[in-house]
J.: 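Let me give you the structure first, and then I'll get to my questions.
All residue numbers in this chain count up from 1 along the given sequence.
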Amino acid sequence: FVDICFTSTTIPKMLWNIQTQSQVITYAGCLTQMYFFLNFGAWDDFLLTVMAYDRFVAICHPLHYTVIMNPRFCGLLVLVSWVISVLNSLLHSLMVLRLSFRTKVEIPHFFCELNQVVGQACSDTFLNDMVMNSVIMLLLGAPLAGILYSYSKIVSSIHRISSAQGKYKAFSTSASHLSVVSLFFCTSLGVYLSSAAPQSSHSSAVASVMYTVVTP
C-alpha cells in the first residue's frame with residue numbers, strides 16, 4: 001500500500017506531462033506533491049527497517065517469533081512509523097511555506113523534490129537547509145544503523161547453522177529485502193547529501209528514479 005502511494009505521488013503527473021507535452025505544476029500542486037512524497041517516502045523508509053527487525057527475530061529468535069512479533073506489536077510499529085512520517089512531511093512543508101519564490105520557477109526535476117524546491121527560493125534558505133539535512137540524517141541514518149545491526153546479527157546466526165540447506169534458506173529470506181534496502185538508501189542518501197555540492201540535475205533525477213520507481 002505504501003509503495004503504491006509512494007509511486008502515485010510522482011509517476012502519474014510525470015506521465016501526464018509526457019503525454020500532454022506540458023511540464024507545468026501549480027504552487028499548491030507542488031506543495032501537495034512534496035508533502036505526500038515525503039510522507040510515504042519516510043514511511044517506506046521505516047517499514048524497511050521494521051522488515052529488517054522482523055527478519056532478525058525470525059532468524060535469530062525463531063522459537064520466540066510469534067510471541068515477539070504479535071499482531072498488536074506489528075500494528076504499533078506501523079502506527080509509530082506513520083505518525084513520524086506525517087510529522088516529518090508536515091515540518092518540511094511548513095518550512096517551505098515561509099520561503100518566497102518568483103512567479104515562474106523552473107524545477108530541474110521530474111517532480112517537486114524537497115531540495116530542488118528549496119534551491120529555487122528567493123529568500124534565505126539557511127534554516128530550511130539546516131532542518132532538512134538534520135532530519136534527513138536522522139530519518140535515514142538511524143533506520144540504516146538499525147538495519148545494519150539487524151543484518152550483522154543475522155549473518156552471525158547464519159554462520160552458526162551447520163547445514164548448507166539451512167544457510168541457503170535463511171539467506172534467501174533476506175536477499176530480496178537487502179537488495180531493496182541497498183538501492184533505496186544508497187540513492188536517496190546520494191540525492192540529499194549531495195544537495196549542497198554542485199551536481200547535474202540529470203544525475204540527481206536518475207538517482208531519484210531509482211528510489212521512487214525501481215525499489216517500490
Side-chain angles (χ1 to χ4, degrees), residues 2-3 5-11 13-14 25-49 80-102 104-148 181-216:
V2 175
D3 281 338
C5 292
F6 186 38
T7 55
S8 297
T9 59
T10 57
I11 304 308
K13 177 61 177 172
M14 182 187 73
I25 187 170
T26 63
Y27 177 69
C30 186
L31 284 177
T32 303
Q33 185 185 62
M34 187 171 60
Y35 171 82
F36 285 106
F37 173 80
L38 291 171
N39 185 4
F40 290 112
W43 201 0
D44 215 11
D45 171 30
F46 287 121
L47 290 182
L48 286 172
T49 310
V80 170
S81 300
W82 177 72
V83 170
I84 297 174
S85 303
V86 168
L87 294 176
N88 169 63
S89 55
L90 188 62
L91 170 65
H92 289 301
S93 299
L94 293 175
M95 291 290 291
V96 171
L97 278 175
R98 59 180 286 275
L99 298 175
S100 301
F101 295 90
R102 296 187 303 275
K104 292 184 178 180
V105 175
E106 183 177 341
I107 301 171
H109 217 287
F110 66 93
F111 70 97
C112 294
E113 192 158 32
L114 178 62
N115 59 341
Q116 297 288 347
V117 174
V118 171
Q120 301 300 316
C122 299
S123 51
D124 181 38
T125 62
F126 174 76
L127 185 59
N128 290 73
D129 291 332
M130 185 176 67
V131 171
M132 179 174 62
N133 291 330
S134 300
V135 172
I136 286 169
M137 284 299 295
L138 183 64
L139 294 189
L140 285 177
L144 183 58
I147 290 171
L148 291 176
V181 165
S182 303
L183 192 60
F184 181 88
F185 280 94
C186 288
T187 52
S188 55
L189 279 171
V191 167
Y192 283 97
L193 292 184
S194 60
S195 60
Q199 62 169 354
S200 68
S201 57
H202 176 72
S203 61
S204 176
V206 170
S208 296
V209 167
M210 298 305 290
Y211 77 89
T212 59
V213 182
V214 177
T215 54

J.: Do L144 and L148 come within less than 4.5 Å of each other through their side chains, counting heavy atoms only?
T.: yes
J.: For T212 and E113, what are the C-alpha separation, side-chain angles and deciding distance, and is it a side-chain contact (heavy atoms from CB on, under 4.5 Å)?
T.: CA-CA 11 Å; T212 59; E113 192 158 32; 5.7 Å; no
J.: Do any N or O atoms from the side chain of N133 and from the backbone of D129 form a donor-acceptor pair under 3.5 angstrom?
T.: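 Yes, the answer is positive, given that a donor and an acceptor are paired below the 3.5 Å cut-off.
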J.: Would you name the heavy atoms of C122 and F101 that are closest together and state the gap between them?
T.: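 Taking every non-hydrogen atom into account, SG-C, 4.0 Å.
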J.: Can you list the steps and then say if V118 with M95 is a side-chain contact (heavy atoms from CB on, under 4.5 Å)?
T.: CA-CA 9 Å; V118 171; M95 291 290 291; over 6 Å; no
J.: Would you please test Q120 and R102 for side-chain contact (heavy atoms from CB on, under 4.5 Å) and show each step?
T.: CA-CA 8 Å; Q120 301 300 316; R102 296 187 303 275; 4.3 Å; yes
J.: Under the side-chain contact (heavy atoms from CB on, under 4.5 Å) criterion, do I84 and V80 qualify, and how do the steps go?
T.: CA-CA 6 Å; I84 297 174; V80 170; 3.9 Å; yes
J.: Do any side-chain atoms of residues 27-36 form donor-acceptor pairs under 3.5 angstrom with protein atoms, and if so which ones, sequence neighbours left out?
T.:
| from | atom 1 | to | atom 2 | distance (Å) |
| --- | --- | --- | --- | --- |
| T32 | OG1 | A28 | O | 2.8 |
| Q33 | OE1 | C112 | N | 2.8 |
| Q33 | NE2 | T9 | O | 3.0 |

J.: Which pair of non-hydrogen atoms, one from T187 and one from A207, has the smallest distance, and what is that distance?
T.: CB-O, 3.5 Å
J.: Among W43, F111, F110, whose ring-ring contact (aromatic ring centres under 6.0 Å, His included) with F37 holds?
T.: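 It is F111, the one option of W43, F111, F110 that forms the ring-ring contact (aromatic ring centres under 6.0 Å, His included) with F37.
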J.: Got a second to check how far D44's CG is from N39's CG, nearest 0.5 Å?
T.: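 The distance works out to 11.0 Å.
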J.: Answer yes or no: is there a donor N or O on one side and an acceptor on the other, between the side chain of S100 and the main chain of S123, under 3.5 Å?
T.: no
J.: What are the two closest heavy atoms between L38 and N88, and how far apart are they?
T.: O-ND2, 4.1 Å
J.: Rounded at 0.5 Å granularity, tell me how far CG in L183 sits from CE in M210.
T.: 4.5 Å
J.: Just how far is it from atom CG of L47 to atom CG of D3, taken to the nearest 0.5 Å?
T.: 8.5 Å
J.: If every non-hydrogen atom of V2 is compared with every non-hydrogen atom of F40, which pair is closest and at what distance?
T.: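 Minimum heavy-atom contact is CG1-O, 3.6 Å.
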J.: Roughly how far, to the nearest 0.5 Å, is the CG atom of D45 from the CG atom of L139?
T.: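 Answer for the CG-CG pair, L139 versus D45, is 7.0 Å.
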J.: Taking all heavy atoms of L114 and all of V96, pick out the closest pair and write down the distance.
T.: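 Looking at all heavy atoms of both residues, the closest pair is CD1-CG2, 3.8 Å.
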J.: Taking all non-hydrogen atoms of both residues, which atom of P143 and which atom of L138 are closest, and how far apart?
T.: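 Reported closest heavy-atom pair: CD-O, 3.6 Å.
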J.: Measure the CZ-OG1 distance between F185 and T49 for me, rounded to the nearest 0.5 Å.
T.: 4.5 Å
J.: What distance do N115 atom CG and H92 atom NE2 have between them, rounded to the nearest 0.5 Å?
T.: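 N115 CG to H92 NE2: 10.5 Å, rounded to 0.5 Å.
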